[in-house]
2 protein chains.
Amino acid sequence: MPSSSQEARKTPKQSRSAVTVEAIFTAAIQVLLRDGPRRLTTTRVATRAGVSVGTIYQYFPNKLALLYALLERHLGSLAKAVEEACEALRGRPVLEMSDELVRVFLDARTAEIETARMIYLLAADLDTDGLLTAIRDRIRTAITGVLASAADARFACVDTAGHMLSVILSGATRTVLERDDPGALEIVRAQLPLACAAYLTQAAQSKP
Amino acid sequence: MPSSSQEARKTPKQSRSAVTVEAIFTAAIQVLLRDGPRRLTTTRVATRAGVSVGTIYQYFPNKLALLYALLERHLGSLAKAVEEACEALRGRPVLEMSDELVRVFLDARTAEIETARMIYLLAADLDTDGLLTAIRDRIRTAITGVLASAADARFACVDTAGHMLSVILSGATRTVLERDDPGALEIVRAQLPLACAAYLTQAAQSKP
DNA sequence: ACCTGAACACCGTTCAAGT
DNA sequence: ACCTGAACACCGTTCAAGT
C-alpha cells in the first residue's frame, strides 16, 4: 500500500467542511470504542457523523487514510509530551530523568487508555513504517539530548544509551498498555524508574 | 467475539484431513508472506492450499479461528523456549540468566522474523486476551522460578522482579521486532543483557 | 467422512446527480 | 464547493449436492 494513499485528499477550505472533518474523526473514535475495530465500517462512521459515505471520500482517499490520521494524532501527542518533558529536564540528574520519563510515557498512554488501545489495534492494517520511524526518531533524539545534558553523569556512548532507554520505555509501557491488568501497571510504574536508573548508572561513568 | 468461535471446529480423524489442515496452515503463511495481511482472504488461502473454500470451514468456524491458530503456534513456541531455558539456568548466577534470556527472546523472534511480524499484525483482529494471558503467565512463572534459584542473589520480592523482567524482555524484543532496523537490533542485543543485569543486581541483595 | 462451489449478506469505493 | 446514495466489485460464510 503506497503511503500516498494515506494522506488527506484535500484540506478543508471552508468552515463547513472543517466541521465535517471533525465530525468524521469524532464519529470514528466513537464507533471504535463502541463497536470495536472490526465493525468500524465507512457506512457506520458516516451514519454516526451524520453525513453520507461519499463525503468521507472527499477528505480521505480511503478508509485506511482515515485510520492513519487517527494514529498520527495519537503518536504525535506522545512524541510532543516526551519532547516537552526532555526540554524541562535539561541539566537535571539522571534519577530525576528516569522518574519523569517513565511518568510521561505512562501518563500519555493511560490518559485515554481505551482509545489508545483501539488505535494501536488499527495500526495493523496500515503502512506505518514511515510514521513510526519519524515518531521514534523524535523520541530518541529528545531522550539522547537530555541524557547528554545530565548534571551527574557522562555516558561512554550517549547515542547507545538514548536508543536503549527509548526502546525500554516504549516497549515496557506498551506491553502493560496492551494488557488489561492494573496490577501489572502498578508494578511497572514503581519498578520501571528503578530499572532505567540502574541501566543509566551502569552505562555512565559518574563525573568526579 | 466469543472465544468459542476461535477454536477448531473438529479435529481431523483421518490422515486425509490431517494433510488438508496442514496444507491450509502452510498456505495461510505463504499468502501472508507473499500478499500481506490485508490480502489474506479465505478464497486465496483455499486456492493456494488446493482445496475449496468450504473445506476451510470444516476445520475452522471462521477465518479468525484460522489466524488464531497461527498465533497460538507461534506464541506457544516462544513460551516453550523460555521455559526450557529457565530449566537449564536453574541455580546459575544472575548475569548468566540475563544473557541467556535475552538471547532466547531475540532468537525465538528473529528466527522467522517476517513470519513473526506478520502474525503479530494479524493478532489485531483477534480476541487474544485469554491466549496472551496464558502465555505471559507461563513466561513470568518460568522467569520468577529461575530468579528464585539464582546462586548469587536473593530478591527482596522475587515476584516483582520476575514480573518486571518479563515485561522488559517482552517489550524491548517486540519493539525491535516491529522495526526493520538491524542497527537497533544489534544495540538491543548488546545492551539489553546489561540493562537486565543492572536491574536485577539492584533488585537483589547479594548473599554474603 | 470429506469436499465442492454457487448463492447470500455485507463492506469499500465510485460517480453522476444534486444544492 | 460540498454533499448524496444507488451501483459495482469483492470478501466471509453457508449449505445442498456430490464422492
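Because only heavy atoms are used, hydrogens play no part in the values below, and waters and symmetry mates are left out as well, while side chains stay in. Keep in mind that this is a model prediction, so the values were computed, not measured. In the text below, chain A, chain B and the rest are named by the order of the sequence lines, each starting its count at 1.
- In this structure, V51(B) and G54(A) both approach DNA chain C, and ranking their closest nucleotides by distance from the 5' end singles out V51(B).
- Remark: C1' of dG12(C) and CG of L64(A) are 10 Å apart, rounded to the nearest angstrom.
- Residue T20(B) places at least one side-chain N or O closer than 4.0 Å to OP1 or OP2 of dC3(C).
- Residue V53(A) places its side chain closer to dG5(D) than to any other of dG5(D), dT4(C), dC2(C).
- Between the CZ atom of F60(B) and the P atom of dT14(D) there is a distance of 15 Å, given to the nearest Å.
- If you measure from atom CG of L67(A) to atom C1' of dC11(C), you get 14 Å, rounded to the nearest angstrom.
- Residue-to-nucleotide contacts include no donor-acceptor pair under 3.5 Å from the side chain of T42(A) to the base of dG12(C).
- The shortest side-chain heavy-atom distance between D180(B) and R117(B) falls under the 4.5 Å cut-off.
- Contact of the F25(B) side chain with the L66(B) side chain is registered, since non-hydrogen atoms from C-beta on lie closer than 4.5 Å.
- In this structure, Q58(B) reaches the dC3(C) phosphate: one of its side-chain N or O atoms is under 4.0 Å from OP1 or OP2.
- Look at dT14(C): its Watson-Crick or wobble partner, with both distances under 3.5 angstrom, is dA6(D).
- If you take CD1 of I56(B) and P of dT14(D), they are 13 Å apart, rounded to a whole angstrom.
- At whole-Å resolution of the value, CZ in R38(A) and P in dC10(C) are 14 Å apart.
- The backbone N or O of L131(A) lies less than 3.5 Å from no partner atom in the side chain of T128(A), so there is not a single donor-acceptor pair.
- Dashed line: the shortest gap from a side-chain N or O of S17(B) to OP1 or OP2 of dA1(C) is not under 4.0 Å.
- Partner assigned to dT19(D) is dA1(C), using Watson-Crick or G-U wobble distances below 3.5 angstrom.
- Per the geometry, CG belonging to L122(A) stands 12 Å off P belonging to dG12(C), to the nearest Å.
- Within the 3.5 Å criterion, the main-chain N or O of R39(A) finds a donor-acceptor partner in the side chain of R44(A).
- T41(B) comes within contact range of the sugar-phosphate backbone alone, with a heavy-atom separation under 4.0 Å but no base atom that close.
- Counting any heavy atom pair closer than 4.0 Å across all strands shown, L40(B) reaches sugar-phosphate atoms only and no base atom.
- Side-chain proximity of Y57(A) to dC2(D), dT4(C), dG12(C): nearest is dG12(C).
- If you take NZ of K63(B) and C1' of dC10(D), they are 12 Å apart, rounded to a whole angstrom.
- With dC3(C), dG5(D), dC2(D) as the candidates, the nucleotide lying closest to the side chain of Y59(B) is dC3(C).
- Protein atom CZ of R44(A) is 14 Å distant from nucleotide atom C1' of dA9(C), rounded to whole Å.
- Side-chain atoms of D181(A) and T133(B), non-hydrogen and from C-beta on, never get closer than 4.5 Å to each other.
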